K.L.:
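Attaching a single structure in structure tokens format; questions to follow.
Just so it is clear, the structure is predicted and the values come from calculations on it, not from any experiment. What you see below is based on every heavy atom in this structure, not just the backbone, and it leaves out hydrogens, waters and symmetry mates. Numbers restart at 1 for each chain; the letters A, B, ... are given by sequence-line order, proteins then strands.
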Amino acid sequence: FCVTLGEGARAVPLAGHVGFDSMPDQLVNKSVNHGFCFNILCVGETGLGKSTLMDTLFNTKFEGEPTQHNQPGVTLKSNTYELQESNVRLKLTVVNTVGFGDQINKEDSYKSIVEFIDAQFEAYLQEELKIKRTLHSYHDTRIHACLYFIAPTGHSLKSLDLVTMKKLDSKVNIIPIVAKSDAISKSELAKFKIKITSELVSNGVQIYQFPTDDESVAEINSTMNSHLPFAVVGSTEEVKIGNKMVKARQYPWGTVQVENENHCDFVKLREMLIRVNMEDLREQTHTRHYELYRRCKLEEMGFKDTDPDSKPFSLQETYEAKRNEFMGELQKKEEEMRQMFVQRVKEKEAELKEAEKELHEKFDRLKKLHQDEKKKVEDKRKSLDDELNMFKQKKTAAELLQNQAQQAGGSTTLKRDKERKK
Amino acid sequence: MHKKTMEDYVPNVSKASGPGVDFSYVGIDAILEQMRRKAMKQGFELNIMVVGQSGLGKSTLMNTLFKSKVSRKSVQATAQEKIPKTIEIKSISHDIEEKGVRMKLTVIDTPGFGDQINNENCWRPIMKFINDQYEAYLQEEININRKKRIPDSRVHCCIYFIPPTGHCLRPLDVEFMRRLSKVVNIVPVIAKADTLTLEERDFFKKKIREELRANGIDVYPQKEFDEDAEDRMINEKIREMIPFAVVGSDQEYQVNGRRLLGRKTKWGTIEVENIAHCEFAYLRDLLIRTHMQNIKDITSSIHYEMYRVRRLNENNTVVAHANGMPEHHLESEEKFDSSCAASRF
């Protein structure tokens, strides 16, 4: 049989209403049934109002206690919430960096953040590489947006900020914001923003740019791009202004209204992050950052793409090749270990034999010594015995003589006694 | 996980008014609009395959469905009619646009199917074509440097044309549908249904449904893929109507003062889009207006995944045998944990 493929697609006019203009609706309906996922990472020093801002953005009170400042390192705490607005269900995950900027030595602060982001990519990659996989019902934990909280010093970025952002810009969409911006006056703020932007540019940090390719949102997005970084104020407390209750922070000298565009850029942030570009953030994460991670990871593992000279490799074939290689290495290692083991055993055996031999020798020597001693003692005893015998003989001889003498002398003594008596 | 509802929820009327007016409205549902925009920008792809003996009106039906000349009739009105010696697979793509929505429609024609004297294995080239499309997608998906949007040439739907005999399915029909329902969504239709009366049509349909059930053939919408009760309800209604008895036409006639697509005969004009005459409208609604996304989803998340599992396990078996591993070990090895292997390097 033969297969002929049309080259390219010709545009064909329709003679009437077909009905596939309902496709976007069908797609949207399916997504609504499925629910959406959105994951935000908040990076910033403790006390910059990250949790408060999240509460303000999403109009709810997320749980959590303000963290202490004595954390030994940076840990990431993530919490997932289910929000619903009209018919849209959103699974929102907010990840907080706990202890960021609190240590004396902050050289490794960015590491745990990078590791966390990579771990989410890895989990997705693992799911994608599985043989039996369930991608459409997979809970996507990849970070879609990273809100970087800059302390409102009014001067410039801290070196920790620059280093961290540089490490993160190729892994996640970074949206820098100036936190607690009610601490800066308007004129200082303008200078601060310019300084920050120029520092980011001169250090080559790629922050997220709101997309300007779609005409319907190009204008608003490009305007907002020029307002970055957004200077925000967060508050969940409501204050009565006029006859309305508004979210605000009340000071003796006035009230900062969160949703007043003259007071801060909160509304701009909400508009950009949620109402206009949420989908684009998700898409960029998937098509740019995740693809980059995937490419690096796979290349690291030794996979190659199609070789122009030979037949295309299949991932499975490469798996198999790698698996065989790995098995081969395993076997080699096993062999090596076995050899080493045998060697060690031999050595130990030899050692033991040596020791045994030594012991034997010692034993022999001691035995000999013992025998010598014994002999000596025997000899001595013998000589003693001989002496004793001799002595005994002499004694008996002497006693005999003495008896004889006594008998003879006894009469003599009797004689002497008799003489004395006389 | 915590379920939170929006405080002071205000219905979504504030789209028109600017931000800052509605204080408790976050704007999460704006994501629907964002998705719609993205979809409009990207456009859609749809690949339909038509299978049936020649002369059953496949091309005409395609042209009627999409109201344009998307399919060229294979049998020309010339003196020499060429019946292909083997089955050909002809794939033609068109860009169509309606109300700002752009679609790349690919019609895959299979001239020669069922036309030979000996039709054994005539499904093979078609199955091979379908699997080749899955293979192409898989190859692109496992590339390291892969395209932003993988071109989707997988067959989303296969319309099978049943000749209007009025009796029952032929062995060829049963064989083909049995094999292909496992790899692609099959939508069976009764072709040239204007030769059947309504009673004959109902009888024929019932017979066909019985035979499909008896042979275990699951055509679209498949029972096992119903997601929830709502789905099931809608799909049951459809299942009671398949196969749709259709009539195709690309010629318009004047009926009751209106110009309608139809077939003019001496005894009357059959209006294609009149549901009292034939079920073309139901087919069009199913395929295009309501279930198009669902068809594509089932293709990508079920048929394609099944192919992928089979393909990836295939290599395992081959290598396993080479390594002397017994087969039953493979069933437990469902997942090749590549990072686990990498960590051991």
K.L.:
Would you call Asp25(A) and Arg36(B) a side-chain contact if the rule is heavy atoms closer than 4.5 Å?
P.N.:
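A side-chain contact exists here, since the closest heavy-atom pair is under 4.5 Å.
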
K.L.:
Answer yes or no: is there a side-chain heavy-atom contact under 4.5 Å between Val18(A) and Ile288(B)?
P.N.:
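Yes. Closest side-chain heavy atoms under 4.5 Å.
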
K.L.:
Starting at CE of Met278(A), measure out to CE of Met35(B) and round the result to the nearest 0.5 Å.
P.N.:
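Reported value, rounded in 0.5 Å steps: 12.0 Å.
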
K.L.:
Should Leu46(B) and Phe20(A) count as side-chain neighbours, where that means a heavy-atom distance under 4.5 Å?
P.N.:
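A side-chain contact is absent here, since even the closest heavy-atom pair is not under 4.5 Å.
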
K.L.:
Look up atom CG in Leu298(A) and atom CD1 in Ile144(B), then write down how far apart they are to the nearest 0.5 Å.
P.N.:
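It comes to 5.0 Å.
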
K.L.:
Name the region of Leu27(A), side chain, backbone, both or neither, that has any atom closer than 4.5 Å to a heavy atom of chain B.
P.N.:
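The answer is both parts of Leu27(A).
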
K.L.:
Atom CG in Asp21(A), atom CE in Met40(B): separation rounded to 0.5 Å?
P.N.:
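Spacing of CG (Asp21(A)) from CE (Met40(B)) equals 9.0 Å.
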
K.L.:
Answer with side chain, backbone, both or neither: which region of Leu125(A) has an atom nearer than 4.5 Å to a non-hydrogen atom of chain B?
P.N.:
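Neither the backbone nor the side chain of Leu125(A) comes within 4.5 Å of chain B.
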
K.L.:
Closest approach of Gln26(A) and Gln293(B), non-hydrogen atoms and distance?
P.N.:
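So the minimum-distance heavy-atom pair works out to OE1-N, 2.9 Å.
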
K.L.:
In terms of heavy-atom pairs under 4.5 Å with chain B, which of His286(A), Arg288(A), His136(A), Lys30(A) leads?
P.N.:
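Winner by heavy-atom pair count: Lys30(A).
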
K.L.:
Can you measure from CZ (Arg275(A)) to CG (Asp29(B)) and round to the nearest 0.5 angstrom?
P.N.:
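It is 9.0 Å, given to the nearest 0.5 Å.
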
K.L.:
Roughly how far, to the nearest 0.5 Å, is CD of Glu45(B) from CE of Met23(A)?
P.N.:
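Spacing of CE (Met23(A)) from CD (Glu45(B)) equals 10.5 Å.
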
K.L.:
Quick one: are Glu291(A) and Lys148(B) in side-chain contact, heavy atoms under 4.5 Å?
P.N.:
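Of all side-chain heavy-atom pairs linking Lys148(B) with Glu291(A), none is under 4.5 Å.
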
K.L.:
Heavy-atom pairs under 4.5 Å with chain B: which of Val217(A), Asn260(A), Asp280(A) has the most?
P.N.:
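That would be Val217(A).
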
K.L.:
Checking heavy atoms, do the side chain of Glu305(B), its backbone, both or neither come under 4.5 Å from chain A?
P.N.:
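For Glu305(B), the side chain is the part near chain A, not the backbone.
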
K.L.:
Given a strict heavy-atom distance threshold of 4.5 Å, which part of Glu283(A) is in contact with chain B: side chain, backbone, both, or neither?
P.N.:
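Contact with chain B involves the side chain of Glu283(A) alone.
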
K.L.:
Between Asp285(B) and chain A, with a heavy-atom cut-off of 4.5 Å, which part of the residue counts as in contact: side chain, backbone, both or neither?
P.N.:
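Answer is neither: Asp285(B) stays 4.5 Å or more from chain A.
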
K.L.:
Looking only at non-hydrogen atoms, find the nearest pair between Glu85(A) and Gly27(B) and report the distance.
P.N.:
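That closest heavy-atom pairing would be OE1-N, 3.0 Å.
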
K.L.:
Can you tell me how far NZ of Lys132(A) sits from CG of Asn313(B), rounded to the nearest 0.5 angstrom?
P.N.:
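Result: 7.5 Å between the selected atoms.
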
K.L.:
So, for Ser68(B) and Pro13(A), which heavy atoms are closest and what is the spacing to 0.1 Å?
P.N.:
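Scanning both residues completely, I find the closest heavy atoms to be CB-O, 3.2 Å.
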
K.L.:
Could you go through the salt bridge (Lys or Arg N to Asp or Glu O under 4.0 Å) check for Arg133(A) and Glu141(B) one step at a time?
P.N.:
CA-CA 14 Å; Arg133(A) 58 189 193 181; Glu141(B) 196 188 31; 3.0 Å; yes

K.L.:
Need one label for Phe44(B): side chain, backbone, both or neither, based on atoms under 4.5 Å from any heavy atom in chain A.
P.N.:
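Contact with chain A involves the side chain of Phe44(B) alone.
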
K.L.:
Shortest non-hydrogen contact from Lys41(B) to Asp213(A)?
P.N.:
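Taking every non-hydrogen atom into account, NZ-OD2, 3.2 Å.
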
K.L.:
Taking side chain as C-beta onward, heavy atoms only, is Asn87(A) less than 4.5 Å from Leu32(B)?
P.N.:
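Yes - at least one pair of side-chain heavy atoms lies under 4.5 Å apart.
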
K.L.:
Just to verify, which of Arg37(B), Gln34(B), Lys38(B) counts as forming a side chain to side chain donor-acceptor pair (under 3.5 Å) with Glu279(A)?
P.N.:
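So the option named by the test is Lys38(B).
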
